[in-house]
Amino acid sequence: MDRQHSEKPHSHSTADRSLARSQNPRISFPISESVRTQASTKVPQASAHRNRQTHPTTIVLCKSWSSQAALEPREHTTVMEEAYNSAICFKMLRDLTDSDPLHLKHITKKIKSMARGAPNPVLETIHEYFVDNPEISVKHKFRLFHVLETVISSSNALDESWEKTFMQLALENMTKSTELEEAYQDAASNVLLAICRHSWQGVARHLETELLKGVFPHRSLLYVMGILSSNDELLKEGDKACWEEQLAKMAIKSVQFLDREAWSKDLLEALTKPDRTHQEQPPEKAFLFIFYGLVLQAEESGTTVRTHLRSLLETSHQWPKQREGMALTVGLAAARHLDHVWAVLEQFGRSTPIKWSLHSFSPKHPEDLRWKWASSTLLLAYGQMADKASAHVLPWVDSTLSRLVFYFHYSTWDETLKQSFLTAALMLVRALGRNAGAQSYEFSQVPELLECLTLLMEKEPQDSLCTSARQQSLQIISSLCKLRPPLDLERKSRLLSISLHSVLSLPLMEVLEKHTCLFLEPPNIQVTLYNQTSEALDQMLQSFIVQNPTADELHFLLSHLYVWLASEKAHERQRAVHLCMSLLKFLSHSLYLDPKEDLKRMGQLVGMLGILCQDPDKATQGSSLETVGHLYQLLMRQRAGGASQVRAPAPKHLSQASEDGAPFWSSGDQKAIRYSPQEMELPKEGTFQPSSSQVFKEVMKQLTMAELADLIWTAVNGLGSSSPFRVQAAADMLLAVIQEHGARLETVANLSRAIHLQLCSVRIPQAKQNALQAITLLARNHTPELVAAFLDFSIPLDSHTSLLWKALGAEQPSSHLALAMLLAWLQERPLPTRPSDSRPQPKEKGHLLSMAAMNVLHELLFAREFEKATREAFPELLLVLLTQMHYVLELTLPEEPQPSQEAPGAAMPRAQSRSLALEALKSLLSSTGHWQDLALLELQGTWELFATIHTYPQGVGLLARALVQNRCGQVKAVTTQLLPRLQRQEERERKAAVVILTEFLYSPALLEVLPKEAALTVLAQSLRDPCAEVRVLSLQGLGNILFHPEKGSLLRSQLPPFLDGFFQSSEPVVVRLMGTVSDVLHHLGTHGPGAQSLAIATNARAFFDDERDRIRAAAMALFGDLVAAMAGRALSGLRTQVHQSMVPLLLHLKDSCPAVVTQAKLTFYRCSVLLRWRLRHTLFCALAWESGLSAHHFLWTCLMSHSQEEFSIHLAQALSYLHSGHHHIKTWAVLFIDYTICYHPRAVSQMVNDTDTKLLLYTFEDLKNDPEPGIREFATRQSSFLGEVAARRQ
């Protein structure tokens, strides 16, 4: 239809006139050759087809030429070009009938381009097109209006004639009813709005005239006024103010219409007319709400205002834009009629519809839905009332707040009401912010509203971010915190915790974006919504510190961030550190804090930031380092007292972009974030890269000792983290701080306990090594404190505690001091009260600390770190451990302590304590190179003597005797340590000392440190000791041969009768005589038995194979004592006796009597020492702890390798034992011979006769049935060998 109208015969004249008009010299359109050709070919063709009349065209052209008579002559080509342009414009206006949207868009764009340089020809063409084609279609006109609007809007200026012409055109069409309905009217209205860009006053006068006619204006007029009021681009700032002023005047003049029923009815009908879409409100309706509010504001009569507002509130509240408009009208009316508006809202709030909406709303009829969100309207109305009447609202604030709180708690809650509540609260706090007198008021309802906001934040879904509810809540909180009364700490803490949790614990951006994929218009989560929410959280923290700019407030805020800085989730840490950075940056730049405020307790923050500087996330690393820079700047300024307000060097902010264009500092998430190293300027140190530890060294210089302690505790706590990077970073920081400031620390004991607790969870080797190295550094200045602390958790001594002790002694000075401290603690030996004692038990049992020290010593004796210290402290260690064993025997620990009295290690049985002390003594001898002394004690079974307090002196005596017999080089040092102990108060120390002294009297080394007279004096003084046992031992010492040399000959003269008594029939007598001879040998000391030694050896060996067990054992013991007494002397014939005793002693290692076995081992070892065998330590180990075939083979190897000359004697002795009645000895003899045959077959075949061979064969046949598989195998193999030997002989 559009095309049919456009092709009527009269339309060709317009094209011709356009061609002529384009020759006007004022117009010049740039046009391409192709377009010119197109115009020259198509326009005539169209004219020919329409059988156009040429006469009018000629007239028009003549008019054009005549109008140019006064102008300069123009070139013919220029005139033709302008004609072509006009023709093209006409052609495009006619082509607007096309239904193709892309083509229409192209035409509009082309016409706009033509009009940009010179709009008048285009405007003239459009006007004449309208004039010459009055019957074109509605759609065509609609499109022409759109083009006309575009051309006018894009023009830099508009002639007055064109303003009037097109204003009239727009006014004529904007109220017409057409098939396009409001779209056509809006297109015409937009032309009027385009004119307003050039001259709005004329349009405004016409609008005012139409508005004040007394008839409710057409919607198109309201549409124009609405766009003028809402579009900020139409009018300049000054013009905008003038328009608003004129609009207010219109409202005042329109007050008269409020009493006209028809006008008011039309107004209400227009306000309640359903919108095309419920999400968008037409401009005319939005303006009408504003204008209605302005009219009510201008009304003098409060009654009229109440009547109109009640009528408005009784309309539908179903749609959001409707509710917002109603609230806006109410708010504007309240600017002048606050009392009346409040009364209307209160009355409406008590009405039945509101009561329905407050409870579980279940509409019975469809029309009831209009009341469902009436409370939302009320909330918005209260907010608008506060916003528009902000100058008078202060007395009403508490009442308004109470209404907001009421509807929050008692409304049927949904997203609509929540948003209305937040919007109303925002408007209220913004109104208060504009009112300078708000600070002088104290609002009692502020805490209640904050509680509502806290609940709202708490109930927000934690897995999504789809609305601005969090952002608005935080903004409101920031504003409310500026009001009185201030929040109490508990409520502020809860508010802060919930706010941080609501924002920082949101999922990653990718997850948040997935929740919005079903939205019709999904929000831009990362760029807009989250950034705004994060900024609101920043503002809230900053408002807190602005209201209370103190160090305590800063610490309070940071303390709530610490839990997030230590989060296990990377994006939460990243957000938290960014938040912390923003806060410190604000403080470092704003100078809010009083320069006299000393920033305290910054150590924990420095510690956490130091850990985060090693975060795997690069953004977190960068933010952490920048935060450290701001903190350093803040500390420098505050601790300088703000002198001259000179700022400390600050970190250089990164303004570059990363390779992919993303900023280095994002909104607090790890999505698409990269950064480059940031530099930090520090005084006198130049520039440091982020990885440099010098950054933190400079910051630590600004910390107090208490803050350094907090920093260290933060690092220690980080050791227990489940994140590997935190553990390693914490260990690195701990080591760095202690390296710099360890000497000045005060709470070392508690610190060491904490490191011990965390060490067991550290799985990273380097982190554990750093933590232990920190202990080593602490030990340089705090060894006593560390030793005392470590003892508390050294029963039992686990592997981690052992590592701590070794770290403590890693450096020689520390190891010596630690060992000395342990010895001091070991000597703190209070006896516990008896169970029957009614006196109160001490809280800490001192004897447990003594036990703990023993436990640690036992472990450290083999530690490489304490090796040197242990060797140097051997004398004191020996005496202390011996005394400790006596102390353990004195203890009467309860077997089953009560739970209330039980302490760590309190349940350790006495036998275990004694065993620990005994093992420590063994370890001391072994680790310090005194294995020969250990061998004698082990082979004698000396350790069993320490089992009871009665045999304890014998054990100590044998130990001292072993030191003397082995000519131990520590005798002099032990003697030096011994003498003061004879004067101690503790009986146990004096007893051990006097036993050792009496044995040391047999050592020549004693006289080098204690002359004979001094020794006599010491022993004489001990005769007055209160302990009877000490007095007896002292008396025995006074009878030593050292003081009575003549006793030597006397004792030796008694030996022959004793030896003759060996052959008596009474077993006890013989055993006692042999023991007496052993005692004589001991008492002779360095004097020795002299010529009697051979007789003693011969007589003792005669009883090695005696049938009586006790006599065999006593004979071997005597022989061993003789060998020990002859050490270092000329052996003469005794050497042969020793060689001949080796095989019997070796075979008796399998004796059925344990006592015989023990003495055989000891004597065999003593003989090897006398004969100076090699590998004596291995020999001792084989004798003491091994019993298998490998041990037997080793012992045989030692014997045969050191006794080549006695080979035949040994073999003959072994053969003789084949007749033994003791099965085990006989078996052992067979094995001996077997080894000999295996390794020396030729020598055996030469020495063994037929009788021996038969005996061996018989014995091997018998051993084939032995229960031990190894022996059976030996017997089978050797039977075959001996059979072959016998066959060869035959």
Please tell me if the side chains of [X] and [Y] come closer than 4.5 Å, counting only heavy atoms from C-beta onward.
X      : Y      : result
Thr714 : Val606 : no
Ile712 : Thr747 : no
Leu456 : Glu460 : yes
Leu500 : Val563 : no
Asn548 : Phe556 : no
Gln739 : Lys697 : no

I'd like to know if the side chain of [X] and the backbone of [Y] have a donor-acceptor N/O pair within less than 3.5 Å.
X      : Y      : result
Glu707 : Arg601 : yes
Arg573 : Thr620 : no
Thr550 : Glu553 : yes

Over 12 non-hydrogen atoms of neighbours within 6.0 angstrom of CD in Glu568
yes
More than 12 non-hydrogen atoms from neighbouring residues, nucleotides or ligands closer than 6.0 Å to OH on Tyr592, yes or no?
no
Residues Tyr410, Tyr407; criterion ring-ring contact (aromatic ring centres under 6.0 Å, His included); working and verdict
CA-CA 5 Å; Tyr410 295 102; Tyr407 286 110; 9.2 Å; no
Hey, is Arg575 close enough to Glu572 for a salt bridge, meaning N to O under 4.0 Å?
no
Taking side-chain hydrogen bond (donor to acceptor under 3.5 Å, both in side chains) as the test, write out the residues that go with Arg780, two or more places apart.
Glu811
Test log, rule side chain to side chain contact (heavy atoms under 4.5 Å, CB included), inputs Val446 and Leu487
CA-CA 9 Å; Val446 166; Leu487 280 174; 5.9 Å; no
